Undergrad: 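My questions will all concern the structure given below.
Remember, it's a predicted structure, so these values are computed and weren't measured experimentally. For the numbers below, each heavy atom of this structure counts, side chains included, while hydrogens, waters and symmetry mates do not.
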Amino acid sequence: MSDRYEHIRERLVVIEEELRDLAYERLTVVARSPESDEAVAAAKQEKRLLQARRAIAKAIGALAPTAGDE
């Protein structure tokens with residue numbers, strides 16, 4: 001795989017980590033006061049962040065070098 005693809009893959013890894021951190025922050029809000037309006041909103045945000053993180057993780061996997069790559 002080319003260096004250009006590897007560079008994109010590395011950037012996606014950083015983005016995936018950022019999304020994971022944001023989702024964790026949202027979960028801590030939910031854990032503090034699960035019934036509050038803020039927690040309900042945070043739970044919805046966490047689900048969206050998780051969905052985005054999974055999509056990024058899939059893209060990372062798609063760009064991973066394979067045995068046939070030169």
Undergrad: Quick check: closest heavy atoms across E46 and A23, and the distance to 0.1 Å?
TA: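 The pair with the smallest heavy-atom distance is CG-O, 3.6 Å.
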
Undergrad: Report, as yes or no, whether the 6.0 Å neighbourhood of atom CD on E38 holds more than 12 heavy atoms from other residues, nucleotides or ligands.
TA: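 Atom CD in E38 is not crowded, with 12 or fewer foreign heavy atoms closer than 6.0 Å.
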
Undergrad: Is there a path of hydrophobic side-chain contacts, each under 4.5 Å between heavy atoms, that joins L19 and V13?
TA: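 Both belong to a single hydrophobic cluster.
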
Undergrad: Contact between L49 and R53 at the side-chain level, heavy atoms closer than 4.5 Å - yes or no?
TA: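 Sidechains of R53 and L49: no contact.
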
Undergrad: Where do A39 and V30 come nearest, in terms of heavy atoms and distance?
TA: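 In this case the closest contact between A39 and V30 is O-CG2, 3.4 Å.
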
Undergrad: Just wondering, do K44 and V40 contact through their side chains at under 4.5 Å, heavy atoms?
TA: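 V40 reaches K44 side chain to side chain.
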
Undergrad: Indicate if L27 and L22 have the same hydrophobic cluster label, given that clusters are the connected sets of ILVMFWY residues with side-chain heavy-atom separations under 4.5 angstrom.
TA: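 Shared cluster, no.
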
Undergrad: Find the distance between CG (D3) and CD1 (I8) and round it off to the nearest 0.5 Å.
TA: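 Going from CG on D3 over to CD1 on I8, the span is 11.5 Å.
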
Undergrad: Is it true that, when you exclude E10 itself, more than 12 heavy atoms of the residues, nucleotides or ligands shown sit nearer than 6.0 Å to its CD?
TA: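 Buried by this count: over 12 neighbours within 6.0 Å.
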
Undergrad: Find the distance between CD (E16) and CG (D21) and round it off to the nearest 0.5 Å.
TA: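 E16 atom CD to D21 atom CG measures 9.0 Å (nearest 0.5 Å).
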
Undergrad: So which atom in A64 and which in R9 form the shortest heavy-atom distance, rounded to 0.1 Å?
TA: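 Distance-wise, the nearest heavy atoms are CA-NE, 3.4 Å.
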
Undergrad: If I take atom CD from residue E18 and atom CD1 from residue I56, how far apart are they, to the nearest 0.5 angstrom?
TA: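 So the gap between those two atoms works out to 10.5 Å.
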
Undergrad: Hydrophobic cluster membership, with links at side-chain heavy-atom distances under 4.5 Å among I/L/V/M/F/W/Y: are L63 and I15 in one?
TA: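 Same cluster: L63 reaches I15 through Ile, Leu, Val, Met, Phe, Trp or Tyr contacts under 4.5 Å.
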
Undergrad: Taking only residues two or more places apart in sequence or in another chain, which ones pass side-chain hydrogen bond (donor to acceptor under 3.5 Å, both in side chains) with R48?
TA: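 With sequence neighbours excluded, R48 shows a side-chain hydrogen bond (donor to acceptor under 3.5 Å, both in side chains) to no residue whatsoever.
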
